[in-house]
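Quick caveat, the model's predicted, so the values are computed rather than measured. Order of listing sets the numbers, starting from 1, for every ligand and every atom in it.
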Amino acid sequence: MNAVVTPSSPDGPATELLAALARRLGAAHVLTDPDAMAGYLAEQRGLYRSRALAVVRPATPEEVAFVVTECRARRIGIVPQGGNTGLVGGSVANGEIILSLGRLNRIRELDPVNATITVEAGCVLKTVQEAADRAGRLFPLALAAEGSCQIGGNLATNAGGTNVLRYGNARDLVLGLEVVLADGRIWHGLSGLRKDNTGYDLKQLFLGSEVSLGIIYGAVLKLFRKPRSRATAFIGCASPHHALRLLERLQAGAGDALSGFEFMAGFALDIVLRHMPGVVRPLAAAHGGYVLAELTSPDPDADLAGRLEMLLAAALAEGVIEDAALGRSEAQNRAFWQLRESVPEAQKREGGSIKHDVSVPVSRVADFIEAASQACTERLPGIRVCAFGHFGDGNIHFNLSQPEGMDKAEFLGFWGEFNRLVHDIVAGMGGSMSAEHGIGLLKREELRRYKDPVALELMRTLKQALDPLNLLNPGKVLDPGGGPPG
Ligand SMILES: Cc1cc2nc3c(=O)[nH]c(=O)nc-3n(C[C@H](O)[C@H](O)[C@H](O)COP(=O)(O)OP(=O)(O)OC[C@H]3O[C@@H](n4cnc5c(N)ncnc54)[C@H](O)[C@@H]3O)c2cc1C
């Protein structure tokens with residue numbers, strides 16, 4: 001693959017590029033001032049230092065295509081950026097331009113009969129949810145970063161979140177796409193069709209590709225009937241195996257109404273209660289693990305609270321769970337979700353953490369948590385396991401907090417070793433070392449180690465075919481390098 005030119009200082013081709021972009025987009029949308037660029041260069045986890053030739057902010061698809069064509073002519077790389085909330089360094093630049101999609105933020109159409117919404121890539125996820133809601137519909141993609149992340153980023157990373165159990169990942173919510181290719185051509189694939197057997201499903205190449213194959217600037221997304229009733233419970237149980245038994249029972253007893261099944265290890269709730277202001281202990285006693293379960297229905301008269309209460313009472317009587325609190329108001333439901341969504345922030349405040357975003361078949365998720373917890377504790381006694389996440393999808397954020405009193409830098413020095421330990425267990429269970437956050441910079445090494453070699457070859461073939469100059473997000477996903485952050 002040809003190496004892209006990534007000038008570190010604006011001279012020669014870089015100066016020409018910036019001048020051409022400023023003429024077309026306006027100087028106000030070609031940022032080179034360090035203060036103006038600071039927000040775009042920041043990296044969510046503080047693991048990487050980003051440096052960019054400029055931050056470029058087009059407002060139309062034609063302007064995006066223009067930027068690509070101009071960069072291509074000078075072999076200057078492009079790092080598209082949405083809300084910059086990604087957790088694997090995918091929108092970090094290393095001397096390229098950052099292409100910020102935030103100004104492409106129009107909701108173009110909402111078709112209630114076709115149950116679709118057509119949006120531009122820079123729409124903030126929450127804005128799309130709210131537009132659907134105003135039309136009496138649901139756009140179900142939901143994650144804690146929804147107030148900042150953008151649809152383009154969500155689709156490029158095939159985001160997951162808390163509603164996957166019922167509605168699927170981001171890729172399952174897309175009917176059509178518009179994409180600017182690495183050679184500047186525009187693919188008009190903005191179809192709202194639910195059936196179209198006219199060859200390859202090309203949109204799938206771009207969904208979850210983390211930009212390496214094209215820049216998404218428009219999408220047709222599926223809408224669903226809006227939930228009109230909801231029941232939420234916070235549940236204490238002895239172990240992940242008990243949580244798995246509860247999941248089976250709720251799936252059997254509530255069927256499709258089960259839309260959320262989130263898990264928190266005991267330590268995860270402890271640190272939320274310790275560090276987050278205003279949160280309230282949801283259950284009287286401490287438990288080995290906790291489940292946040294939610295039922296929803298478009299039927300306003302569905303007695304979901306009654307059904308959930310009955311299912312939980314039976315689970316309690318049979319020793320599957322130890323205690324449960326049913327949300328009695330929207331405020332209480334929100335408070336339960338706040339506990340779950342506060343875990344990453346609480347973990348940050350607790351000290352150094354080594355993170356894993358993994359998935360295994362749902363039937364193995366409890367085995368995984370127990371086996372990985374034991375292996376990590378044996379390797380470093382005193383380490384604290386902060387496992388939490390989308391248990392119902394088999395997706396666990398298997399995070400590790402430093403032993404009390406240990407030096408943070410010394411603990412982070414174990415990053416690669418714990419990745420190997422945990423990812424080997426995941427691989428042994430037929431799982432994935434990246435469930436929903438993607439590969440970016442952080443997991444390139446792991447991709448090469450765990451991905452089937454033929455699959456890797458096919459991925460390289462596609463990248464070479466669609467982006468032979470390696471202009472789009474160079475250094476990410478398939479490019480060599482990576483390993484634990486420095
Ligand atoms: C508190 C918190 C909670 C989170 N929870 C979840 C969760 O539950 N589930 C989950 O999946 N993720 C979660 N994330 C991660 C993150 O929010 C998602 O990965 C999100 O989809 C990224 O969207 P973004 O707009 O911020 O993309 P960015 O971070 O800006 O970019 C991510 C990647 O997409 C590429 N990209 C961006 N826009 C485009 C485009 N228009 N076309 C092509 N490529 C593009 C970038 O180059 C980069 O490789 C969480 C993050 C935070 C901070």
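Put simply, the side chain of R24 reaches to within 4.5 Å of the side chain of E63, judged on heavy atoms.
A side-chain N or O of N419 and one of W415 form a donor-acceptor pair less than 3.5 Å apart.
Taking the six-membered ring for Trp and the full ring otherwise, Y290 and F263 have centroids separated by 6.0 Å or more.
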For residues 141-149, which side-chain N or O atoms pair as donor and acceptor with protein atoms under 3.5 Å away, sequence neighbours left out?
unit_1, atom_1, unit_2, atom_2, d
E146, OE1, Q129, NE2, 3.1
E146, OE1, L143, N, 3.1

Show the atom names and distances, to 0.1 Å, of all donor-acceptor pairs under 3.5 Å that link a side chain in residues 387-398 to residues at least two apart or in another chain.
unit_1, atom_1, unit_2, atom_2, d
H390, ND1, G161, O, 3.4
H390, ND1, E262, OE1, 3.0
H390, ND1, E262, OE2, 2.8
H390, NE2, E436, OE2, 3.1
D393, OD1, L165, N, 3.2
N395, ND2, D357, OD1, 3.1
N395, ND2, V358, O, 3.0
H397, ND1, D357, OD1, 3.4
H397, NE2, E436, OE2, 3.1

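For ligand 1, the 4.0 Å heavy-atom shell contains residues Q44, P80, Q81, G82, G83, N84, T85, G86, L87, G90, S91, L101, A121, L143, A144, A145, C149, Q150, G152, G153, N154, A156, T157, A159, G160, G161, E210, V211, G214, I215, I216, H390, E436, H437, N473.
Under the side-chain contact (heavy atoms from CB on, under 4.5 Å) criterion, A131 pairs with I107, I117, R134, not counting sequence neighbours.
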